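As the structure is a prediction and not an experimental result, all values here were calculated from the model.
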Amino acid sequence: MSSLGNGHQDVDIDLAQLFRAVWARKGRILAATALTGALAFVGSSLMDPTYEADARLLIEPRQPTFLSPGSAATTSEPLSDELNIVSQVQLLQSVDLMKQVARDLKLYEREEFDPDTKPSAISDFLVLFGLKKNPLELPPEQRVLRAFKEKLQVYQVEKSRVIGIEFTSKDPALAAAVPNAIIDVYRQLQSGAKLDSNSDAARWLETEIANLREKVRDAEQKVAEYRSSAGLMPLGADSSSFSSKQLADISSELARVRGERADAEAKAQNVLAALKSGRPTDTLDAIAGSESVQRLKTTESQIRGQIADLSTTLLDGHPQMKALRAQLSGIREQIAAESSKIAASLENDAAVARERETQLIAQLNTVKADSARAGEDEVGLMALEREATAQRQLLETYLARYREASTRLGKDASPADARVVSGAIEPSEQNFPKVIPITIVAALATLILSAVLVMMLELFSGRALRPSGSQADNREHDDEFEPQLAGPQTVLSQIPAETAASEIEAQADDDLAYEMEQTLDFQAESPDRDEPDFAHEPVEPEEEDEFSVSAVATYLMEEGTRIAFAISPSGDDGSAGTVLLARELASRGVRVVLVDMTGSACPTMLMATDSDLPGVTDLLCGDAAFADTIHPDRLSGADIIPQGNSDIRQAMRGADRLSMIVDALADAYDMVVVECGPANAEGVARLSRSGTHEIILSAPEPNPEELAEIMAAFENAGYSDLVLMAARLPVPDDRDRNAA
């Protein structure tokens with residue numbers, strides 16, 4: 001409630017008195033309201049009504065209509081951007097366009113667009129005393145354009161390429177005619193601009209095409225003259241020169257002659273070697289292929305047959321036998337002589353081939369020299385041909401553009417880049433004045449102002465003020481609420497810091513979650529693992545203490561616990577008990593992993609094979625992969641994630657991600673035990689904020705008072721059930737210390 005100071009005494013506003021004062025003067029207020037409403041109704045009814053009509057224009061590229069058949073279609077133009085639409089809005093409000101519309105609709109003849117021709121008495125009075133500039137000093141055209149601008153509104157429809165055109169006039173027909181006329185004139189101007197551009201392009205292209213034709217003709221003539229003078233006449237479809245063709249032919253012939261020479265020399269040497277050594281020449285191709293040698297061989301065979309036949313009846317000294325042997329010897333001499341002739345013939349062929357080779361080499365050298373000179377000439381020829389080709393391509397490009405520009409010179413061949421979405425329609429209702437709304441607003445305003453005026457008079461007169469209670473009561477009342485506000489303010493001051501920390505680590509959490517999913521995926525045995533397998537395995541009953549390691553292990557297995565956080569108020573003794581619990585679970589066939597979150601790294605020293613193994617601190621700092629931090633226990637089947645080698649303080653900045661790490665481990669193991677050391681309830685609550693889990697209080701020698709305080713702290717943090725474990729730690733003697 002509000003209060004006002006009056007001297008040394010506080011006062012309050014009496015709202016009831018204010019409403020009573022307004023009610024007491026209700027007659028006057030209603031009368032003023034009715035009078036104002038009546039005046040507003042009469043005044044608005046006497047005003048000249050105005051009508052408003054609007055049209056819509058869509059700005060989009062429009063393709064021209066080609067008049068000549070076979071014309072190539074133009075490439076599609078990009079859509080208009082924001083700046084182009086704004087530019088078109090300004091063009092629709094240009095002075096030249098409005099002048100054209102004013103002339104077409106004869107707006108100069110309407111008094112509505114030049115009211116200064118019949119000024120009022122007040123206007124004449126202001127002009128007479130110099131309080132207003134004489135409007136008649138302006139030219140009539142400017143006065144009409146000024147009135148035209150005041151009645152015209154052009155705007156871009158939000159988030160579109162549509163332009164709206166609104167016009168207000170006392171004549172409803174004129175209100176609809178002006179936007180339509182503006183659109184028509186605008187489209188004519190745009191189409192005319194395109195036609196002018198195409199005409200200019202066509203005229204320029206005509207001149208350029210004529211010049212290019214002369215250049216192409218000169219370039220091709222130079223190519224023909226140079227080719228004729230250099231003797232580079234093309235041969236065949238591949239346009240190769242005569243020297244190149246001749247060089248190729250001579251090279252082919254030279255290769256053939258060299259082959260024939262080598263073959264003749266080899267055959268001749270082979271025959272001569274056989275004759276000198278006395279070897280038979282029957283197997284030689286050069287001799288076996290000779291007809292004379294074949295006839296002699298036939299005769300020799302016949303004589304041998306006769307000798308063989310007569311040798312059965314005649315002795316070797318018989319004259320007939322001697323005659324036959326003499327004939328055989330003569331035949332053999334003839335074969336040897338014929339073989340010698342064949343060898344000589346082969347040597348002659350080889351000599352002829354050598355002479356032919358010599359001649360071809362001389363011709364080849366001559367042709368090479370001619371070809372080298374022709375190559376130099378071809379360099380100049382190719383330069384001329386490139387120039388002619390470039391000029392020809394440019395001419396073809398200009399011809400295509402000229403044909404395209406020529407097709408756009410016809411009527412309606414280049415439409416404006418605008419399309420009418422909706423034309424203006426003659427309005428049937430007036431836009432202003434709205435008699436009923438004006439009357440209602442004037443009456444309501446009078447009613448509210450009158451009521452406010454009455455309330456202000458009551459306040460200033462002091463009748464609506466009353467004394468308030470003592471300041472001591474108010475102070476006592478304020479002190480009552482002061483302690484209640486302290487708590488929420490403290491909590492709110494902590495929220496931004498936690499929120500900021502979570503946002504900073506969000507990206508790192510996503511990367512770590514993906515890595516854990518890929519690393520632990522191979523350890524899952526089945527997709528459906530709602531509870532561990534050992535939950536249904538019977539445990540042999542044995543006599544054990546209620547708070548022993550065995551009893552706690554039995555309880556965890558019966559409850560189907562997946563995640564357990566162990567707190568060790570006494571330090572390393574409690575951590576050693578947690579190690580015994582993990583080994584007890586492993587001995588019962590439970591796949592268990594222990595996460596060392598202690599400051600002393602006691603579980604790491606008891607279970608790991610090396611104290612320098614990467615562990616949870618390296619994982620939280622991002623210095624090690626997830627798979628590299630899991631190690632086997634050296635004395636059991638359990639696994640351990642050691643403390644690690646990274647800075648503990650830096651790792652604890654990302655301690656909020658431990659819940660995600662534990663959840664990932666719970667998907668791969670039957671049970672996850674997190675040894676937190678002598679942690680407080682707030683720290684455990686921060687580390688175990690997700691999922692259902694058990695809190696184990698590992699105290700080998702429990703202190704009732706200390707346990708009561710710890711349980712009260714955890715109960716305040718939201719943990720009502722704690723599992724107490726009083727592990728009996730073995731005391732090794734000197735002989736067992738090294739083994740331990």
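- Remark: side-chain polar atoms of S191 are not paired, donor with acceptor, to backbone N or O of Q188 under 3.5 angstrom.
- Annotation: the span from E458 atom CD to Q17 atom CD amounts to 5.5 Å, rounded to 0.5 Å.
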- request: Could you give me the CA-CA distance, side-chain angles and deciding distance for V185 and M98, then say whether side-chain contact (heavy atoms from CB on, under 4.5 Å) is met?
  value: CA-CA 9 Å; V185 174; M98 287 190 290; over 6 Å; no
task: Output, in order, the C-alpha distance, side-chain angles, deciding distance and verdict of side-chain contact (heavy atoms from CB on, under 4.5 Å) for E52 and Q430.
output: CA-CA 7 Å; E52 184 181 75; Q430 63 186 30; over 6 Å; no
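- By the 4.5 Å heavy-atom criterion applied to side chains, Q156 and E82 are counted as neighbours.
- Residue K222 comes nearest to L384 through the heavy atom pair O-CD1, 3.8 Å, listed as atom of the first residue, atom of the second, then distance.
- Residues L15 and I13 are in side-chain contact: their nearest non-hydrogen atoms beyond the backbone lie under 4.5 Å apart.
- Checked against a 6.0 Å centroid threshold, the rings of Y51 and F432 do not count as neighbours.
- Taking a cutoff of 4.0 Å between a charged side-chain nitrogen and a carboxylate oxygen, R419 and E60 qualify as a salt bridge.
- Formation of a donor-acceptor pair under 3.5 Å by the N180 side chain with backbone atoms of A424 is found in this model.
- Taking CZ from R217 and CG from L395, the interatomic distance works out to 10.0 Å, rounded to the nearest 0.5 Å.
- E112 contributes a side-chain N or O that, together with a main-chain N or O of K170, makes up a donor-acceptor pair within less than 3.5 Å.
- Within 6.0 Å of atom CZ in R20, more than 12 heavy atoms from other residues, nucleotides or ligands are found, so the atom counts as buried in its surroundings.
- By the 6.0 Å contact criterion, NZ on K149 is open, its count of non-hydrogen atoms from other residues, nucleotides or ligands being 12 or less.
- Atoms CD and CG, on Q100 and L97 in that order, are 8.0 Å from each other to the nearest 0.5 Å.
- Side chains of E141 and Y108 form a contact here, defined as non-hydrogen atoms less than 4.5 Å apart.
- Using a 4.5 Å heavy-atom threshold, the side chains of I165 and L152 count as touching.
- Heavy-atom neighbours of K151 NZ from other residues, nucleotides or ligands within 6.0 Å: above the threshold of 12.
- V162 places none of its side-chain heavy atoms less than 4.5 Å from the side chain of L57.
- In this structure, V157 and I163 have side chains that are not in contact, with every pair of non-hydrogen atoms separated by 4.5 Å or more.
- Closest of all the heavy-atom pairs between R392 and V216 is N-CG2, 3.7 Å.
- The distance from the CG atom of L83 to the CD atom of Q88 is 11.5 Å, given to the nearest 0.5 Å.
- Residues L459 and L18 are in side-chain contact: their nearest non-hydrogen atoms beyond the backbone lie under 4.5 Å apart.
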message: One pair to check against side-chain contact (heavy atoms from CB on, under 4.5 Å): E208 and Y402. What are the steps and the verdict?
response: CA-CA 10 Å; E208 292 297 320; Y402 178 76; over 6 Å; no
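- Close placement of the W204 and Y398 rings is indicated, their centers lying within 6.0 Å of each other.
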- request: List the steps, then state whether side-chain contact (heavy atoms from CB on, under 4.5 Å) holds for L107 with F148.
  value: CA-CA 9 Å; L107 301 182; F148 194 101; 3.4 Å; yes
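- Annotation for A442 and T36: closest pair O-CG2, 3.8 Å, computed over non-hydrogen atoms.
- Salt bridge status for E387 with K215: absent, with no side-chain N to carboxylate O gap under 4.0 Å.
- Pairing each heavy atom of L212 with each of Q391, the nearest pair is CD2-OE1, 3.3 Å.
- Counting heavy atoms from C-beta on, the side chains of F41 and V435 come closer than 4.5 Å.
- No more than 12 heavy atoms of other residues, nucleotides or ligands sit less than 6.0 Å from atom CZ of R401.
- With respect to E109 and K106, no salt bridge is recorded, no charged nitrogen being found less than 4.0 Å from a carboxylate O.
- Going from atom CG of N211 over to atom OG1 of T207 covers 7.0 Å, rounded to the nearest 0.5 Å.
- The backbone N or O of A388 sits nowhere less than 3.5 Å from a side-chain atom of E385 that would complete a donor-acceptor pair.
- Expressed to the nearest 0.5 Å, how far NZ of K26 lies from OG of S450 amounts to 14.5 Å.
- Within a 6.0 Å sphere centred on CD1 of I425, heavy atoms belonging to other residues, nucleotides or ligands number 12 at most.
- Of all the heavy atoms in I438 and P433, the pair that sits closest is CD1-CB, 3.8 Å.
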